[in-house]
Every structure is written in structure tokens, then in C-alpha cells.
Engineer: 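Before anything else, here's the structure in question.
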Amino acid sequence: MSGDDSLIEMYQDIILKHNKTPQRKHPPEAGWLVVDGRNTTCGDEVVLGLSVSDEGVVEDGCFDGASCAICTASASMMVEDVIGRTIDEVRERSQNIQDSLTGETQIDSSEGDLAALNGVRRFPVRLKCASLPWEVLDKALVQS
């Protein structure tokens with residue numbers, strides 16, 4: 001097995017792990033900012049809920065909906081990643097992740113599980129699946 005093959009396998013394992021046991025997947029709490037989005041190509045639906053402090057820090061969050069493994073994994077990793085960050089930091093993170101999905105940059109391995117999204121670029125038809133949660137996040141940031 002080549003280095004690229006083992007890296008792809010590791011990325012697939014991380015995505016499958018987040019799909020099987022997604023973090024923070026439940027309906028949003030009352031009073032949270034709630035935004036949803038849909039990928040009409042494959043039918044993914046994501047509902048994002050965020051609790052943002054008066055100081056502009058994401059205090060808590062969750063996602064819900066029905067989506068494929070890549071979309072579910074991306075949403076799971078995203079929600080975990082944004083909690084504790086300021087709105088400005090979240091905007092920057094979202095842009096960086098979306099740039100990595102389009103091939104403009106690459107997510108550094110120091111980013112933990114998020115680096116698994118680098119593997120999605122090998123499957124252009126699935127890019128929308130991985131990017132949908134981040135697009136929904138962007139919609140939420142406009143409303144925050």
C-alpha cells in the first residue's frame with residue numbers, strides 16, 4: 001500500500017467514524033440561531049443550531065437532518081470545531097475549509113479530523129456534500 005493509499009484509507013475511516021457516531025447531532029435548543037440548507041443533487045438536508053453569546057462567541061451548537069456519510073461527517077466535525085470561537089474566527093475557518101474543498105488550499109494535518117475533508121477532493125461529485133454544512137454555517141453567520 002502506498003503512502004497516498006494509506007492516507008486515503010485513514011481519511012475514509014475518519015469520515016465513517018463521524019458518520020456512525022456523529023458529534024452533537026440533535027435538534028437545536030429553543031432560543032438558538034437555527035439555519036438550514038439542502039443539497040438538491042443528492043438530497044442532503046442540514047439544520048444547524050448555534051448558541052452565540054452577546055460577545056460574539058459560539059458557546060454551543062448542534063446539527064440535525066438527513067444526509068449522506070460525507071455530509072454528516074463534515075457537519076459533525078464542523079460543529080465541534082466552531083464551539084468556543086468568535087464569529088470572526090468562525091468566518092475565517094469556514095472560508096479556509098471551503099477553499100480547501102475547492103483545491104485552493106489544503107487542510108493541515110494538525111487540524112485533526114478536519115484534515116479528512118482533504119480526501120473528498122478526489123471525488124468532485126461529493127464536494128457539495130462536504131461543503132453543505134459550511135455553507136449553512138455561512139448563512140448562520142450572516143444572521144448572527
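Nothing fancy with the numbering, it's 1 onward along the sequence.
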Engineer: What heavy-atom pair brings Phe63 and Pro22 nearest, and what distance separates the two atoms?
Structural biologist: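 Closest approach of Phe63 to Pro22: CZ-CB, 3.8 Å.
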Engineer: Counting distance only, does the side-chain N/O of Lys25 pair as donor-acceptor with the main-chain N or O of Asn19 below 3.5 Å?
Structural biologist: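 Side chain of Lys25 to backbone of Asn19, a donor-acceptor pair under 3.5 Å: no, none is there.
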Engineer: What's the shortest heavy-atom distance between Leu50 and Trp32, and which atoms?
Structural biologist: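 Closest heavy-atom pair between Leu50 and Trp32: O-CB, 3.3 Å.
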Engineer: Do Val120 and Leu127 have side chains that approach each other closer than 4.5 Å (heavy atoms only, starting at C-beta)?
Structural biologist: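 Contact flag for Val120/Leu127 side chains = yes.
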Engineer: Do Val90 and Leu141 pass the side-chain contact (heavy atoms from CB on, under 4.5 Å) test, and can you show the C-alpha distance, the side-chain angles, and the key distance before you say yes or no?
Structural biologist: CA-CA 8 Å; Val90 171; Leu141 294 174; 3.8 Å; yes
Engineer: For Ile15 and Ala69, work out which heavy atoms get closest and say how close.
Structural biologist: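 Minimum heavy-atom separation between Ile15 and Ala69: CG2-O, 4.0 Å.
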Engineer: Between CD of Gln23 and CG of Asp81, what distance do you get to the nearest 0.5 Å?
Structural biologist: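 Reported to 0.5 Å precision, the distance equals 13.0 Å.
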Engineer: Quick one about Asp64 and His26 (side-chain donor to acceptor, distance below 3.5 Å, no hydrogens or angles considered), yes or no?
Structural biologist: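 There is no such pair between these side chains.
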Engineer: Can you tell if the side chain of Asp36 reaches within under 4.5 Å of the side chain of Val46, non-hydrogen atoms only?
Structural biologist: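 In short, these two side chains do not touch, never coming nearer than 4.5 Å.
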Engineer: Quick one: which of Cys129, Ser131, Pro133 gives a side chain to side chain contact (heavy atoms under 4.5 Å, CB included) with Ser74?
Structural biologist: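 By the side chain to side chain contact (heavy atoms under 4.5 Å, CB included) criterion, Ser74 pairs with just one of Cys129, Ser131, Pro133: Pro133.
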Engineer: Answer yes if Ile97 and Ile83 sit in the same cluster of Ile, Leu, Val, Met, Phe, Trp and Tyr residues linked by side chain heavy atoms under 4.5 Å apart, and no otherwise.
Structural biologist: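 Ile97 clusters together with Ile83.
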Engineer: Answer whether the closest heavy-atom distance between the side chains of Glu80 and His18 falls below 4.5 Å.
Structural biologist: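 Of all side-chain heavy-atom pairs linking His18 with Glu80, none is under 4.5 Å.
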Engineer: Side chains of Met77 and Leu117: closer than 4.5 Å at any heavy-atom pair?
Structural biologist: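 With C-beta onward as the side chain, the pair touches.
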Engineer: Does this structure show an ion pair linking Asp138 with Arg91, if we count only N-O contacts that are shorter than 4.0 Å?
Structural biologist: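 No salt bridge links Asp138 with Arg91.
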Engineer: Side chains of Val52 and Val57: closer than 4.5 Å at any heavy-atom pair?
Structural biologist: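 Contact flag for Val52/Val57 side chains = no.
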Engineer: We want to know whether Glu45 and Asn39 form a side-chain donor-acceptor pair, criterion being a heavy-atom distance below 3.5 angstrom.
Structural biologist: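 Judged by distance alone, the side chains do not pair up.
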Engineer: Got a second to check how far Leu101's CG is from Leu132's CG, nearest 0.5 Å?
Structural biologist: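 Result: 11.5 Å between the selected atoms.
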Engineer: Where is the tightest heavy-atom contact between Val136 and Val35, given as atom of each residue plus distance?
Structural biologist: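 Scanning both residues completely, I find the closest heavy atoms to be CG1-O, 3.5 Å.
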Engineer: Using the side-chain contact (heavy atoms from CB on, under 4.5 Å) rule, take Arg126 and Cys68 through it: C-alpha gap first, then chi angles, then the decisive distance, then the call.
Structural biologist: CA-CA 10 Å; Arg126 304 308 302 270; Cys68 70; 2.9 Å; yes
Engineer: Taking atom types as modelled, is there a side-chain donor on Ser110 or Asp108 under 3.5 Å from an acceptor on the other?
Structural biologist: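 Yes, a side-chain donor-acceptor pair sits under 3.5 Å.
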Engineer: Are Trp134 and Leu33 joined in one hydrophobic group, where the rule is that I, L, V, M, F, W and Y side chains link up if heavy atoms are under 4.5 Å apart?
Structural biologist: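 Cluster IDs for Trp134 and Leu33 match.
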Engineer: Tell me, with the steps shown, if Arg38 and Glu135 meet salt bridge (Lys or Arg N to Asp or Glu O under 4.0 Å).
Structural biologist: CA-CA 10 Å; Arg38 182 181 180 103; Glu135 292 168 6; over 6 Å; no
Engineer: Nearest 0.5 Å, what's the OG-CD1 distance between Ser94 and Ile87?
Structural biologist: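 Separation between the atoms: 11.0 Å.
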Engineer: Nearest 0.5 Å, please: how far is CG in Asn96 from CD in Glu89?
Structural biologist: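 Answer for the CD-CG pair, Glu89 versus Asn96, is 12.0 Å.
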Engineer: Do we see a donor-acceptor contact under 3.5 Å between the side chains of Thr102 and Gln98?
Structural biologist: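 Side chains of Thr102 and Gln98: no pair found under 3.5 Å.
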Engineer: Of the non-hydrogen atoms in Val79 and Cys62, which two are nearest, and what is the gap between them?
Structural biologist: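 Taking Val79 first and Cys62 second, the nearest heavy atoms are CG1-N, 3.7 Å.
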Engineer: May I ask you to test the Glu92-Arg85 pair for a side-chain heavy-atom distance under 4.5 Å?
Structural biologist: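 They are not in contact (no side-chain heavy atoms under 4.5 Å apart), so the answer is no.
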Engineer: Check the pair Gln106, Ser100 against side-chain contact (heavy atoms from CB on, under 4.5 Å), reporting the backbone distance first and the verdict last.
Structural biologist: CA-CA 5 Å; Gln106 186 161 336; Ser100 74; 5.6 Å; no
Engineer: Using modelled atom types and a 3.5 Å cut-off, is there a donor and acceptor pairing between side-chain atoms of Ser76 and backbone atoms of Thr72?
Structural biologist: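 Here the side-chain-to-backbone pair does not exist.
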Engineer: Using a strict threshold of under 4.0 Å (side-chain N to carboxylate O), is an ion pair present between Lys128 and Asp44?
Structural biologist: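 A salt bridge is absent here (no side-chain N lies under 4.0 Å from a carboxylate O).
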Engineer: Are side-chain heavy atoms of Val58 and Ser51 found at a separation under 4.5 Å?
Structural biologist: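 The answer is no, as the side chains (C-beta and beyond) never meet within the 4.5 Å cut-off.
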